[in-house]
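As the structure is a computational prediction, the values presented were derived from the model and not from experiment.
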Amino acid sequence: MNAPASSSPQRLTGQDLVRLKKYLADNLSRALEMEGIPAAQRNTFVQQNIVRVYEQTQLKLPEDIKNEIFRQVLNELLGYGPIQPLLDDPDVSEIMVNGPKKVFIEKKGQLTKSNVIFDDDDHVLRIIDRIILPLGRRVDWDSPTVDARLPDGSRVNAVVRPVSIDGPSITIRKFRKDKLQVEELVNFGSLTRQMADFLEACVRARFNIVVSGGTGSGKTTLLNVLSGFIPESERIVTIEDAAELQLQQDHVMRMETKAPNSDGLHGVSIRELVRNSLRMRPDRIVVGEVRGGEALDMLQAMNTGHDGSLTTVHSNSPRDALSRLETLVLMAGMDLPLKVVRQQISSAVDVIVQQTRLKDGQRKVTAVTEVAGMEGDVVVLTDIFKFNQTGTLEDGKVLGELNATGIRPIFTPRLEAAGYKLGAEIFAPKTSANPSRR
C-alpha cells in the first residue's frame, strides 16, 4: 500500500482508512510472529514499530486521524478490537454486540447504542476467538454458543451462526477492577446499614444463604460482597461455570466447569465439581449459580456439616426461589416426593436474599427472608427486611424504602450462640415518612 509522498496532509475515504488499518495490523502481526516476541514485550514492540510501518506507506494523514488509526491498530493487536475503549470505560457496565454494526452498552442502568462498529462478521469472530482460545474453549458451527471470561473476571457469552441469525453476537458483563465493598452498597442505597450488619452476622455464624434474583440484577456482585465476611482462617472452595467471583481471602480453591470436547466427551459439570468439593475439606462451599441437578448435592452438603455455604439462583421472589430449587432438585433424576424435597430445602437453607433490578436500573436487595421451617407441606418464609415501592417519578425513577418488618428471626438464639447479639434497633422498622429516592 504505497502512495506518493506529499507535503500536505492527505484525505482518505472510510474504505481507504479501513484498508490502511488492516495493512498496519497485518504487517505488525507478521512481525510479531517472525520475531517470536513474548506476550510481555508485545506492547513495547508494537508501539516502536507502528510508526515505521506507517512511514513505509508514504502517507501523510492529519495528526488526529493518524493517532486514531494507531489507537485502533493497537487495540486490534493487543486488546479486543473496537470494544476495547468500552472495556476501558469504568462507566460502562455491559457491552452487547448484536452483529458487526450494532453495539449497545449499559451505562448507569440505561441501555444505549454506541458508535462502535466492526468491519464485518469475520472481525467479530476474530475477537471472540481471542477471548476464548486462552481458556481452551471453542465456538463453531457444531458448538455455536460459549461462556467465557476476560482476564479481569468479566463474564462473556458468545453466539455464532447458525444460532445467531444476524451474525456473531458477544455479550460482556463487566466486573469492576476494584472489588465492591458493603459500604458502597449501603451508600448506593442497595441495602441499609442494618441489613448489612444482619447479613454479616449470618455469614460469620455459618448460616446457609441463597441469593435470588433475575438476570442482571447483581446476584454475583452481592455474592462477592457476602463472601467478604467469611473469616480468613477458613478454607473456601468456589465452583462456577466461568470463574467470576473475586474472593479476597488467601485460602481459596477456585474451580470452573469444562466443556465437552468435539466428540461430546470429557466435560466436567458443576454437579461433578460440587461432589468433588466434598472431598477437599472445605469450610465453605460457594457455588456461583445452581441451575441443574447440582442443587440436590448442594442441599445435601448444607445438611451434612458444610454450614455457611453460599449460592445464587434465578428467581423473582423468595417464594419463587423455593419453587426453583424444588424444580432443580427434581432435575437430578431422583424420584423424590415433593414433601421430602421441601424438607431438604427448609432444613438446609437459612436465609434467602432477594436482589432485584428495578425499572429505572437501580439494583436493590428487596427482601431478606428467613426460611422458618415447615408447616404441613408448606415451607414457611418470614420477611426480616423488605423494600416497599411507593411510587414512580415522571422520569421513571422508582421511589421506595428499605425497612425492617419488625419481626425477629426464629434463628436469633443460633446467632447469639455464635457470639452475635444483634440489638433490637436492627429489627425495628423506621418511622420516617420520607421515602428513599436513590
Side-chain angles (χ1 to χ4, degrees), residues 143 145 147 206-215 219-220 223 237-242 255-261 263-355 367 369-382 410-411 414:
S143 180
T145 67
D147 287 317
R206 301 182 65 86
F207 285 10
N208 296 317
I209 299 175
V210 173
V211 178
S212 161
T215 301
K219 297 187 301 298
T220 305
L223 189 65
V237 176
T238 69
I239 300 166
E240 302 171 84
D241 270 327
M255 295 192 292
E256 74 176 357
T257 58
K258 176 183 177 295
N261 61 19
D263 298 322
L265 303 174
H266 308 303
V268 181
S269 67
I270 280 193
R271 188 170 190 189
E272 292 173 272
L273 294 178
V274 170
R275 288 175 174 174
N276 188 77
S277 71
L278 302 180
R279 308 184 187 100
M280 300 173 67
R281 195 238 173 254
D283 290 310
R284 308 268 187 157
I285 300 173
V286 180
V287 179
E289 182 184 337
V290 289
R291 57 166 66 95
E294 65 272 6
L296 176 60
D297 301 284
M298 186 76 188
L299 292 174
Q300 289 180 329
M302 291 174 172
N303 277 322
T304 54
H306 294 89
D307 298 327
S309 297
L310 303 170
T311 189
T312 73
V313 66
H314 266 89
S315 61
N316 294 324
S317 71
R319 180 62 64 182
D320 286 347
L322 292 182
S323 299
R324 173 95 168 129
L325 286 173
E326 291 172 11
T327 303
L328 296 178
V329 168
L330 295 175
M331 287 171 63
M334 305 290 288
D335 190 15
L336 297 172
L338 194 55
K339 184 174 182 178
V340 172
V341 174
R342 289 176 177 171
Q343 286 172 336
Q344 283 271 332
I345 294 171
S346 66
S347 61
V349 180
D350 296 303
V351 178
I352 298 174
V353 183
Q354 183 66 36
Q355 179 82 12
T369 304
E370 176 190 20
V371 181
M374 297 273 292
E375 279 188 8
D377 292 345
V378 179
V379 179
V380 178
L381 297 180
T382 305
I410 294 174
F411 55 59
R414 288 174 55 196

For Leu381 and Leu322: C-alpha separation, side-chain torsions, deciding distance, then whether side-chain contact (heavy atoms from CB on, under 4.5 Å) applies. CA-CA 10 Å; Leu381 297 180; Leu322 292 182; 3.6 Å; yes
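- Between the side chain of Glu326 and the backbone N or O of Val341, no donor-acceptor pair lies under 3.5 Å.
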Step by step, would you call Thr369 with Gln354 a side-chain contact (heavy atoms from CB on, under 4.5 Å)? CA-CA 8 Å; Thr369 304; Gln354 183 66 36; over 6 Å; no
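- Looking at Leu328 and Val313, their side chains come closer than 4.5 Å, going by heavy atoms from C-beta outward.
- When every heavy atom of Met374 is checked against every heavy atom of Val380, the shortest pair comes out as C-CG2, 4.2 Å.
- Side-chain contact between Leu310 and Val211: absent, with no pair of heavy atoms (C-beta onward) separated by less than 4.5 Å.
- Here the closest non-hydrogen pair linking Ala367 and Pro318 is CB-CG, 4.1 Å.
- Side-chain contact between Asp283 and Arg206 is present, with heavy atoms from C-beta onward closer than 4.5 Å.
- Other residues, nucleotides and ligands place more than 12 heavy atoms under 6.0 Å from the CE atom of Met280.
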Report the C-alpha distance between Val371 and Asn208 in whole Å, list the side-chain angles of each, state the deciding distance to 0.1 Å, and finish with yes or no for side-chain contact (heavy atoms from CB on, under 4.5 Å). CA-CA 10 Å; Val371 181; Asn208 296 317; over 6 Å; no
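- Using a 3.5 Å distance cut-off with no hydrogens or angles, the side chains of Ser269 and Glu272 do pair a donor with an acceptor.
- Contact check for Val290 versus Val274: no side-chain heavy atoms found under the 4.5 Å cut-off.
- Atoms OG and CG, from Ser346 and Leu325 in turn, are 11.5 Å apart once rounded to the nearest 0.5 Å.
- Annotation for Arg342 and Asp377: closest pair NH1-O, 2.9 Å, computed over non-hydrogen atoms.
- Using modelled atom types, one side-chain atom of Arg324 and one backbone atom of His314 make a donor-acceptor pair closer than 3.5 Å.
- Within the 4.5 Å cutoff, the side chain of Thr312 has no heavy atoms near those of the Gln355 side chain.
- With Arg271 contributing its side chain and Ala332 its backbone, the two residues share a donor-acceptor pair below 3.5 Å.
- Considering all non-hydrogen atoms of both residues, Ala301 and Leu278 come closest at CB-CD2, 3.7 Å.
- Within the 4.5 Å cutoff, side-chain heavy atoms of Val349 are placed close to those of Leu299.
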